[in-house]
Structures are given as C-alpha cells and as structure tokens.
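Data block below; observations after.
Remember, it's 1-based here, ligands and their atoms both numbered in the order they're listed. All values reported here derive from a predicted model rather than from experimental measurement.
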Amino acid sequence: MRFSSVFFTDQPLTFCLHLNLSFFFLQRQKMSHPTETERCIESLIAVFQKYAGKDGNSCTLSKREFLSFMNTELAAFTKNQKDPGVLDRMMKKLDLNSDGQLDFQEFLNLIGGLAVACHESFLKSPHYQKRI
Ligand SMILES: [Ca+2]
C-alpha cells in the first residue's frame, strides 16, 4: 500500500487549517447536531488523543502507541499481514520528520492513505460496478 504525504504537509495550509479549525470548533460548540463529517473529524481527534496519551508526549504517537492503535483500531488490517515488519516500515514511512513519533498530521497521512485505498477498493467492488 502506498501512503500519501500530500495531506496537510504544506506549512501555509497547516496554518490556514489551524485558523479555520479553531473557528470551526468555536462554531461547532454552538451547534446541537453535528454533521456526519464533523463527527468523523471529532472521532479522529479523539482516537488520536486516546492513543497518544498512553505514554510520553500526549501530542504524538510513540512506536508503542502506534502499534497499540494499529492492533486495536485496525486489527482487521494487521491480522491479515503475514510480514512481521510491515508495521515497523509503516511507522518509518509515516514519520516524515524522522523524530520517532507520529504527530497528528503524520497520523492523518495514514488515515488518508487507508481511506483512499478503501475508496479504490469500493470502486472496484461488484456492488459499485453494477451501479455504473
Ligand atoms: Ca514525526
């Protein structure tokens, strides 16, 4: 699987996203019914914080936290892996600044890559092919 580093790696974009998200969450607090997309974003943040808070820096995933996340949240993916080194290589590839930790942006590259792979798989599925 190829993981994209396109998502959220550009500094001005990061700044812009930070400002927009601050506004987003201020507005969000006033809303009683979040949209499905807003719930998805909140879920991603909550899951990241849950695993990042297990040891050390609570803003990043250590290798141990990453393995815990993968083996719990993406168990269907990890259980099907025959190569025992795949998670080590994924961690290295996702760790764009090579600090041994995955920050939220690096984590989102994983989620984005998996979402793209799932979407591509969906497009090839017989269910979808019948619709086109
Ligand atoms: Ca990193």
Would you say the Ca ion (ligand 1) has Glu106 as a near neighbour, meaning an N/O/S atom of that residue under 3.0 Å away? yes
Decide, counting backbone as well as side-chain atoms, whether Gln101 has an N, O or S atom less than 3.0 Å from the Ca ion (ligand 1). yes
Checking one value in my table: which N/O/S atom of Asp95 lies closest to the Ca ion (ligand 1)? OD1
Less than 4.5 Å apart, any side-chain heavy atom of Asp83 and any of Arg89? yes
Of all N, O or S atoms in Asp99, which has the smallest distance to the Ca ion (ligand 1)? OD1
Taking atom NZ of Lys92 as the centre, does the number of heavy atoms from other residues, nucleotides or ligands within less than 6.0 Å exceed 12? no
Compute the ring centroids of Phe107 and Phe69, then answer whether they are less than 6.0 Å apart. yes
Is it true that some N/O/S atom of Thr60, main chain or side chain, lies under 3.0 Å from the Ca ion (ligand 1)? no
Find out whether Val47 and Lys50 are in side-chain contact, i.e. whether some heavy atom of one side chain is under 4.5 Å from a heavy atom of the other. no
Taking the six-membered ring of Tyr51 as reference, does the cationic atom of Lys54 (NZ for Lys, CZ for Arg) lie under 6.0 Å from its centre and within 45° of its axis? yes
